[in-house]
Amino acid sequence: MNLILLGPPGSGKGTQARELERRHGFVKLSTGDMLRTTVLDSKKIGKQLKEIIDSGALVPDNIMVKMISERIEYPDCKKGFILDGFPRTTAQADALEKMLKKKGMQLDYVIEMKVNSKILIKRISGRYSCAVCGTGYNDDFQKPVTKGVCDNCASREFVRRSDDKLGTFRLRLEAYEEQTAPLLPYYRKRNCLKTVNALNKIENVTAEIEAVIGGA
């Protein structure tokens, strides 16, 4: 089964992708990770990518699609894959669809991780984690049992991600809404778009996704 989890930053795509990997053996394909791996490759595409990235330019869609095309041929993708970070635009979605069609493949579901922007901003701007074990917390929704002490490892050191700062996160959210949100009607027309409430508890979101894919 081949999936895309589509949603704004902070909607829980990474958490749910890991759960799908654990439950079903689908492989999460992060384009960011693939780019870093390919750049280290001595083959022509790796050298070409390094030159593009070093110049500060965006990686062309055709190279991104070629990279994904090669990766999904690996044996570990036999049960299916979950795309993370691609497509971001309808042009990329078109290119992906054509590539999969040539392989006799298709996307089974595009799952929208639906959120309320105001609640999401409050949730993300308030999150922090233990600097030692990585356990996550939130100023409003999930505080340590003992103030200033990690529930998991008793550390008193906590950190916040720089891209979770309110101003930075608003920009990331605006970029998603401008560039990626148009993918929703694109995939709705193809009858593969399903929506789950990403602001639910993690286990409830997982259950909604399981209901969509039918326990594959």
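We're numbering straight along the sequence, starting at 1. The figures here come from the full heavy-atom set of this structure, side chains too, leaving out hydrogens, waters and symmetry mates. Given the structure is predicted, the values throughout are model-derived calculations rather than measurements.
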Please check if atom [atom1] in [X] has more than 12 non-hydrogen atoms from other residues, nucleotides or ligands closer than 6.0 Å.
{"X": "Lys194", "atom1": "NZ", "answer": "no"}
{"X": "Glu157", "atom1": "CD", "answer": "no"}
{"X": "Lys103", "atom1": "NZ", "answer": "yes"}
{"X": "Ile202", "atom1": "CD1", "answer": "no"}

Inset, instruction - Flag this pair as yes if the NZ/CZ of Arg160 is under 6.0 angstrom from the six-membered ring centre of Phe158 and inside a 45 degree cone about the axis; otherwise no. - result: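 No - Arg160 does not lie over the ring of Phe158 by the 6.0 Å and 45° rule.
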Legend entry - Cluster check Ile119, Val115: I/L/V/M/F/W/Y, side chain < 4.5 angstrom: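 Same cluster: Ile119 reaches Val115 through Ile, Leu, Val, Met, Phe, Trp or Tyr contacts under 4.5 Å.
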Inset, instruction - Please answer: with hydrophobic residues joined when any side-chain heavy atoms are less than 4.5 Å apart, are Met67 and Met105 in the same cluster? - result: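 Yes.
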[Y] and [X], any side-chain heavy atoms less than 4.5 Å apart:
{"X": "Tyr186", "Y": "Leu193", "value": "no"}
{"X": "Met113", "Y": "Gln16", "value": "yes"}
{"X": "Lys114", "Y": "Asn197", "value": "no"}
{"X": "Tyr187", "Y": "Ile111", "value": "no"}
{"X": "Val110", "Y": "Leu183", "value": "no"}
{"X": "Ile209", "Y": "Tyr109", "value": "no"}
{"X": "His24", "Y": "Ile213", "value": "yes"}
{"X": "Leu107", "Y": "Ile4", "value": "yes"}

Mind listing the closest non-hydrogen atom pair of [X] and [Y] along with its distance?
{"X": "Gly10", "Y": "Leu120", "result": "O-CD1, 3.4 Å"}
{"X": "Thr180", "Y": "Pro87", "result": "CG2-O, 4.5 Å"}
{"X": "Val205", "Y": "Val196", "result": "CG1-CG2, 4.2 Å"}
{"X": "Leu96", "Y": "Phe86", "result": "CB-CE2, 4.2 Å"}
{"X": "Pro9", "Y": "Tyr176", "result": "CD-CB, 4.1 Å"}
{"X": "Gln106", "Y": "Asn2", "result": "O-ND2, 3.0 Å"}

If you round to the nearest 0.5 Å, how far is [atom2] of [Y] from [atom1] of [X]?
{"X": "Glu210", "Y": "Glu19", "atom1": "CD", "atom2": "CD", "result": "7.5 Å"}
{"X": "Gln92", "Y": "Asn62", "atom1": "CD", "atom2": "CG", "result": "11.0 Å"}
{"X": "Lys66", "Y": "Ile63", "atom1": "NZ", "atom2": "CD1", "result": "8.0 Å"}
{"X": "Leu6", "Y": "Glu112", "atom1": "CG", "atom2": "CD", "result": "7.0 Å"}
{"X": "Met1", "Y": "Ile82", "atom1": "CE", "atom2": "CD1", "result": "11.0 Å"}
{"X": "Thr89", "Y": "Asp94", "atom1": "OG1", "atom2": "CG", "result": "8.5 Å"}

Legend entry - Candidate pair Ile72 and Leu100, rule side-chain contact (heavy atoms from CB on, under 4.5 Å), full reasoning: CA-CA 10 Å; Ile72 61 179; Leu100 291 175; 3.7 Å; yes
Legend entry - Test log, rule side-chain contact (heavy atoms from CB on, under 4.5 Å), inputs Glu208 and Val212: CA-CA 6 Å; Glu208 286 191 55; Val212 167; 5.8 Å; no
Inset, instruction - Show your working on side-chain contact (heavy atoms from CB on, under 4.5 Å) between Asp108 and Cys192 and close with a plain yes or no. - result: CA-CA 6 Å; Asp108 294 287; Cys192 61; over 6 Å; no
Inset, instruction - Considering only NZ, NE, NH1 and NH2 on the basic side and carboxylate oxygens on the acidic side, decide whether Arg18 and Glu21 come within less than 4.0 Å. - result: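 Salt bridge: no.
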Legend entry - Residue pair Lys102, Ser69: steps toward the side-chain contact (heavy atoms from CB on, under 4.5 Å) verdict: CA-CA 10 Å; Lys102 285 181 180 178; Ser69 175; over 6 Å; no
Legend entry - Within residues 76-86 or reaching into it, pairs that qualify as salt bridge (Lys or Arg N to Asp or Glu O under 4.0 Å) - sequence neighbours excluded: Lys28-Asp84, Arg71-Asp76
Inset, instruction - Only counting residues at least two apart or in another chain, list the ones meeting side chain to side chain contact (heavy atoms under 4.5 Å, CB included) with Cys153. - result: Cys130, Val132, Cys133, Cys150, Ser155
